[in-house]
Amino acid sequence: MSDSSTTSPEREPAGGSAPSGPAFRYSASLAGEIETRWQGWWEEKGVFVQPNPGDPAFVALRPKYYVLDMFPYPSGAGLHVGHPEGYTATDIVVRYKRMKGFNVLHPMGWDAFGLPAEQYAIATGVHPEVTTRDAINEFRRQLKRFGFSYDWSREFGTIDEGYYKWTQWIFLRLYNSWFDRAHDKARPIAELVGEFERGAREVRLNPDAAEYTGAGDLPDGTPAGPWSGLDEETRRAIIDSYRLAYVALQTVNWCPKLGTALANEEVIDGRSERGGFPVLRKPLRQWMLRITAYADRLLADLEGVDWPSSTKTQQAEWIGRGEGAEIDFPIVAADGAPTGESLRVFTTRPDTVFGATYMVVAPEHQLVEAAMDDRASGVDVERLGRYADGARNRTDVERQESKEKTGVFTGVRVQNPATGEQIPVWTSDYVLMGYGTGAIMAVPGQDQRDWDFAEAFDLPIVRTVQPPEGFEGKAYTGEGRAINSGFLDGLGVAEAKPKIIAWLTERKLGAPRVNYKLRDWLFSRQRYWGEPFPIVYDEHGRHHAVGDAALPVALPAMRDYQPVESEEPQPLLGKATGWLKTTAGEAGVSGLDPRTPVTRETNTMPGWAGSCWYYLRYCDAGNDDRFVGQEAERYWMGGGGVDLYIGGAEHAVLHLLYARFWHKVLYDLGHVSTPEPFQKLFHQGLITSYAYQREDKSLVPVDEVEARGESDFVEVATGRAVTQTVAKMSKSLKNVVNPDEVIAAYGADTFRLYEMYMGPLEASKPWNTKDTIGLYRFLQRAWRLCVDEQTGALKIAPQASEDVERALHKAVAKVGEDIERLSFNTAIAALIEFVNASTPAQASGGALPAALSEDQIDRLARVLAPFAPHMGEELWAKLGRTDGAGSIAHAAWPGFDEAMLASDTIEIPVQVLGKLRSKITAPADADTKTLEEMALADAKIREWLEGKTVRKVIVVPGRMVNIVAN
RNA sequence: GGGCCCGUGGCGGAACUGGCAGACGCGGCGGACUUAAAAUCCGCUUCCCGGAAACGGGAGUGAGGGUUCAAGCCCCUCCGGGCCCA
């Protein structure tokens with residue numbers, strides 16, 4: 001430790017920086033000077049570098065606390081005021097926990113692969129790496145200017161080769177694993193093969209891989225005989241059907257003009273949102289991740305995490321577990337004789353099977369194709385074909401949205417197993433291939449979509465659940481007694497379900513079945529700016545894993561990112577010819593002759609890949625040998641994972657679900673120590689902005705509005721009155737706030753305080769720049785309370801006043817409590833109250849006398865430090881406490897004395913019939929009897945009670961007295 | 001259409017477990033300092049009635065109803081707004 005005077009950059013009283021006023025008034029320029037000086041010192045001294053277990057400076061005795069921010073996507077626009085909201089909140093918690101004696105992990109990095117950078121590159125020809133690195137540098141500069149206490153030594157971007165090397169490594173773990181139903185966990189593929197070889201497992205295609213289509217001639221689910229008797233191709237097909245990362249044909253939205261597949265949200269009325277080009281539905285070979293294997297665990301483990309209930313609900317609904325039954329409807333020939341084949345459906349309402357008056361299959365269903373081959377049925381084959389083709393080219397969302405029901409009769413008839421009646425099979429695009437079996441039994445009496453369809457095509461409707469009296473709707477989906485349902489009649493829904501399932505199971509017409517809405521994760525993108533797959537193909541088109549030792553498969557530098565306009569999808573990486581073709585030896589593929597020519601996978605991973613495990617990498621960001629060191633992972637992720645994770649609610653489903661899925665796979669394979677990654681999750685609210693609304697509800701840009709009086713606003717151009725409202729910040733409304741400007745005007749400490757003071761962290765709230773002045777004034781008052789504005793020296797009172805001491809204990813208690821429950825607005829209010837209360841009355845223009853003792857200034861600096869760290873550090877330095885690397889950030893959080901919180905006497909409100917009538921001053925510990933006597937003796941109360949009889953007196957000691965009298 | 005959340009002064013919000021509604025900040029009004037302005041400081045500021053004032057009385061947390069000695073908080077119905085799903 002060295003002498004403070006030489007190592008602390010505390011400013012010598014030089015003065016002269018402020019344009020007017022005292023040299024050491026807390027002005028924007030003084031704040032800026034203090035802030036940048038300490039930021040430089042923190043960085044130079046490595047104040048926020050947190051050692052890992054095993055490092056010399058690591059203190060093993062301390063408990064750990066891992067606080068994570070959702071890392072930002074660095075866009076060229078820089079930070080907006082929404083970013084620092086969550087980051088300030090976590091920084092307050094982190095600084096508080098550090099002072100409470102925790103080892104704190106608080107890292108930051110960059111979610112840097114993604115579409116915007118690539119599209120910018122297409123438009124400008126500038127390489128995404130260049131624009132992304134620039135954006136990262138700008139983001140980092142801005143974040144440092146806020147004084148956030150990140151351990152920047154752990155920083156990385158998802159685009160760093162040293163990071164995505166391990167993203168690829170994790171992909172290979174998925175590729176080389178399968179899900180063992182019996183043990184409900186992932187295991188290495190080698191163990192599966194071992195079981196096949198030993199005869200310990202029946203050799204056949206993965207029965208859970210219903211979507212699997214690459215199995216050649218092997219019929220689904222048929223045992224293939226002993227492993228030793230199988231040829232190489234068959235073995236491959238079987239193994240591939242088990243992998244957690246597998247290739248399958250998936251229908252995607254293909255835009256030939258843009259040369260890329262589009263997400264459903266990017267397609268509007270069959271055209272691309274960007275450019276308005278036609279979009280086709282096209283089956284493509286895609287990498288898929290078998291997240292469906294984890295559906296049950298992803299659902300069940302939500303129980304154990306401390307997350308907002310709305311987020312848990314959204315995840316549960318996304319997984320969409322539905323209990324019901326699979327039912328087989330026997331297909332009958334034209335003469336009514338059974339053909340031996342049947343149509344299988346999944347339903348969550350098997351109890352309504354007596355009301356199934358027709359069937360509907362998705363246009364992609366194989367039954368439609370079969371029906372078109374069967375000319376004998378007399379159905380209009382041309383029309384059927386046209387309908388199926390048309391439906392294929394619409395997205396699932398469009399198909400479900402359309403109000404008008406369309407459809408065609410397939411000519412096929414089946415028998416309702418419950419009623420024995422023959423019912424027609426239709427095809428319609430409101431039934432999706434992706435859910436259940438791609439076929440439904442239509443029960444118009446109990447399903448509104450079925451009802452609409454039945455009305456449109458004049459199909460019979462039978463109610464099988466008795467609607468309540470006075471029910472005027474069409475389909476009735478609620479609870480009720482079964483009717484028209486044979487042996488089920490009279491039963492409620494809950495009783496009817498198991499009964500019909502048992503009945504169907506017994507007759508081998510169906511079976512109980514759990515179904516999920518969750519689909520496997522489509523993991524391929526035809527883009528450039530993403531992680532390459534560690535996969536190559538041989539000349540037969542068979543995929544092979546790149547060996548771990550050959551990772552990373554680096555993204556090749558390219559000059560040309562223009563998409564290839566084509567009917568056939570051609571991923572951009574196909575243009576990197578030098579990279580594309582290689583040999584098995586160079587690619588590190590084992591099991592092939594090293595000279596074998598191979599072609600690299602040209603798809604890239606989706607934007608979600610990098611964010612699926614970044615929280616693990618922070619634990620040990622510099623590790624070149626493992627994705628995360630075992631000791632570091634156990635320490636930081638111990639006790640249930642990340643201790644506090646703050647980020648936007650827009651990631652409630654996808655990011656959080658995908659990350660949980662990868663985490664569970666890594667857990668099953670023994671690479672991480674907890675089943676869940678994030679113990680406590682919190683969503684910060686959206687920061688909105690004021691906007692102005694015309695009478696017709698259209699919005700007017702902020703700069704076209706003028707204030708007339710307190711709350712009257714007028715559109716300048718028309719002179720018409722507009723009303724103030726709240727809207728998302730947007731360029732078009734010109735109501736975007738740039739944090740740099742606010743910092744320039746008031747300093748980072750004021751910015752931090754204002755954003756935390758706006759309201760509850762979880763609430764969305766409007767930014768109002770003129771409110772920032774209040775927090776600036778607060779800092780000025782706090783500063784003036786402690787520092788002489790003329791000399792910059794501390795003003796130290798020779799002895800502490802009792803009142804100030806009590807107020808300080810109260811503030812310390814309240815601030816600590818409020819930080820623990822993330823209630824920062826009230827914590828700041830408590831700080832303001834303390835400063836106001838302890839500031840002596842000041843004659844105008846006169847200097848403020850010293851009011852706080854040295855020790856009180858010290859404690860004030862420490863409780864202020866998490867919120868306004870620069871001022872905290874400056875005061876601490878003036879006290880001579882900051883020295884060496886001994887920042888206030890590592891000072892102990894001040895304690896408080898419970899006895900100092902309560903005063904000896906308190907005011908107790910006295911009510912008569914619930915209305916406040918008087919107040920009595922009583923000892924704080926006065927008991928019920930004393931308070932009752934005092935209240936009844938009070939002069940005002942006696943007046944109120946005149947002529948009345950006291951019926952009852954309710955006393956809550958320390959709180960209030962209520963007298964019931966009439 | 002379904003689910004979740006929210007309606008408190010001119011504005012942002014506080015009231016944590018049913019116990020003094022409006023903490024704290026902005027804005028506004030009045031005053032001090034100043035040649036003046038800004039900045040700063042002091043006081044007042046939910047609304048209505050009475051009062052010169054001190055103060056007293058009444059109403060009041062989107063609307064209506066209920067439970068309770070007591071409701072911003074719990075229950076029911078409705079209205080308005082937001083978010084998510086469809």
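A quick note: this is a predicted structure, and the numbers were derived from the prediction, not measured.
B/C5 and B/C11: their C1' atoms are spaced 22 Å apart (whole Å). Comparing the C1' positions of B/C41 and B/U8 gives an interatomic distance of 32 Å, to the nearest angstrom. Spacing between B/G80 and B/A14 at atom C1', rounded to whole Å, works out to 24 Å. Remark: the separation of the P atoms in B/G18 and B/C6 is 15 Å, to the nearest Å. Remark: the separation of the P atoms in B/C4 and B/G56 is 47 Å, to the nearest Å. When the P atom is compared between B/G22 and B/C47, the two are found 14 Å apart, to the nearest whole Å. Atom P of B/A52 sits at a distance of 30 Å from the matching atom of B/C33, rounded to the whole Å. Atom name C1', nucleotides B/C76 and B/C24: the rounded distance is 36 Å, in whole Å.
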Under 3.5 Å, side-chain donor or acceptor atoms of residues 683-691 of chain A against the rest of the protein: list the pairs with distances, not counting sequence neighbours.
{"from": "A/H683", "atom 1": "ND1", "to": "A/G647", "atom 2": "O", "distance (Å)": "3.1"}
{"from": "A/H683", "atom 1": "ND1", "to": "A/G648", "atom 2": "O", "distance (Å)": "3.4"}
{"from": "A/H683", "atom 1": "NE2", "to": "A/T311", "atom 2": "OG1", "distance (Å)": "2.7"}
{"from": "A/Q684", "atom 1": "OE1", "to": "A/G648", "atom 2": "N", "distance (Å)": "3.4"}
{"from": "A/T688", "atom 1": "OG1", "to": "A/K765", "atom 2": "O", "distance (Å)": "3.2"}
{"from": "A/S689", "atom 1": "OG", "to": "A/N735", "atom 2": "O", "distance (Å)": "2.9"}

Please tabulate, one pair per line, all N/O donor-acceptor pairs under 3.5 Å involving side-chain atoms of residues 939-964 of chain A, not counting sequence neighbours.
{"from": "A/R951", "atom 1": "NE", "to": "A/N966", "atom 2": "OD1", "distance (Å)": "2.7"}
{"from": "A/R951", "atom 1": "NH2", "to": "A/N966", "atom 2": "OD1", "distance (Å)": "3.1"}
{"from": "A/N962", "atom 1": "OD1", "to": "A/G914", "atom 2": "N", "distance (Å)": "3.0"}

Name every donor-acceptor pair, under 3.5 Å, that has one atom in a side chain of residues 821-829 of chain A and the other anywhere in the protein, sequence neighbours excluded.
{"from": "A/R821", "atom 1": "NE", "to": "A/D818", "atom 2": "OD1", "distance (Å)": "3.3"}
{"from": "A/R821", "atom 1": "NH2", "to": "A/D818", "atom 2": "OD1", "distance (Å)": "3.1"}
{"from": "A/S823", "atom 1": "OG", "to": "A/T826", "atom 2": "OG1", "distance (Å)": "2.6"}
{"from": "A/T826", "atom 1": "OG1", "to": "A/D818", "atom 2": "OD2", "distance (Å)": "2.8"}
{"from": "A/T826", "atom 1": "OG1", "to": "A/S823", "atom 2": "O", "distance (Å)": "3.0"}

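Dashed line: the shortest gap from a side-chain N or O of A/R449 to OP1 or OP2 of B/A86 is not under 4.0 Å. Within the 4.0 Å cut-off from OP1 or OP2 of B/U40, at least one side-chain nitrogen or oxygen of A/R777 is found. For the OP1/OP2 pair of B/C69 and a distance below 4.0 Å, the side-chain nitrogens and oxygens of A/K915 include no atom meeting the criterion. For B/G58, one of the phosphate oxygens OP1 or OP2 lies less than 4.0 angstrom from a side-chain nitrogen or oxygen of A/R917.
Within the structure, the salt bridge (Lys or Arg N to Asp or Glu O under 4.0 Å) test picks out the following pairs touching residues 910-930 of chain A (sequence neighbours left out): A/K929-A/E933. Among residue pairs with one or both ends in residues 759-778 of chain A, those qualifying as ring-ring contact (aromatic ring centres under 6.0 Å, His included) are A/Y746-A/Y776, A/F751-A/W767, A/Y754-A/W767; sequence neighbours excluded.
Considering only residues two or more places apart in sequence or on other chains, A/F346 meets the ring-ring contact (aromatic ring centres under 6.0 Å, His included) condition with none of them. Taking the side chain to side chain contact (heavy atoms under 4.5 Å, CB included) definition, one finds that A/A454 meets it with A/Y358, A/P444, A/L459, A/I461, sequence neighbours left out. A/H809 pairs by the side chain to side chain contact (heavy atoms under 4.5 Å, CB included) definition with A/E805, A/R859, A/F896, A/D897, A/M900, A/L901, not counting sequence neighbours. Shown here are the ring-ring contact (aromatic ring centres under 6.0 Å, His included) partners of A/F682, two or more places apart in sequence or in another chain: there are none.
The listed nucleotides are B/C26, B/C41, B/G56; the one nearest the side chain of A/K940 is B/G56. Side-chain proximity of A/S310 to B/C4, B/C41, B/G13: nearest is B/C4.
Put simply, CZ on A/R25 is 10 Å from C1' on B/C41, counting in whole angstrom units. Rounded to a whole Å, the CG atom of A/L913 is 12 Å from the P atom of B/C69. Between the OH atom of A/Y690 and the C1' atom of B/G12 there is a distance of 6 Å, given to the nearest Å. Rounded to whole Å, the distance from CG on A/L775 to C1' on B/G12 is 11 Å. In this structure, the NE2 atom of A/H683 is 12 Å from the P atom of B/C84, given to the nearest Å. Going from atom CD of A/Q780 over to atom P of B/A39 covers 11 Å, rounded to whole Å. Between A/M758 atom CE and B/C11 atom C1' there is a gap of 12 Å when expressed in whole angstrom units. Separating the CD atom of A/Q314 from the C1' atom of B/C5 is a distance of 12 Å, rounded to the nearest angstrom.
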When you compare the protein's N or O atoms with those of nucleotides 47-49 of chain B, which come within less than 3.5 Å of each other, and at what distance?
none

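Contact annotation: the side chain of A/E833 never approaches that of A/N836 to less than 4.5 Å [non-hydrogen atoms, C-beta and beyond].
B/G9 shows a glycosidic angle within 90° of 0 and is accordingly assigned syn.
Within 4.0 Å of A/W783, counting heavy atoms only, lies no atom of the nucleic acid at all.
Among the duplex regions that RNA chain B forms, those built from at least three successive Watson-Crick or G-U pairs under 3.5 Å are B:1-7 with B:79-85, B:10-12 with B:24-26, B:27-32 with B:40-45, B:46-50 with B:55-59, B:62-66 with B:74-78, ordered by first number.
The backbone N or O of A/G324 lies less than 3.5 Å from no partner atom in the side chain of A/T348, so there is not a single donor-acceptor pair.
At a cut-off of 3.5 Å, with distance as the only test, a side-chain donor of A/E455 or A/W451 sits close to an acceptor on the other residue.
In this structure, A/H655 and A/H651 have perpendicular ring planes: the angle between them is above 60°, well past the 30° mark.
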* Asked: How does protein reach along nucleotides 14-23 of chain B, written 5' to 3' as B (base within reach of a heavy atom under 4.0 Å), S (only sugar-phosphate), or - (no contact)?
  -> SSB--BB--B
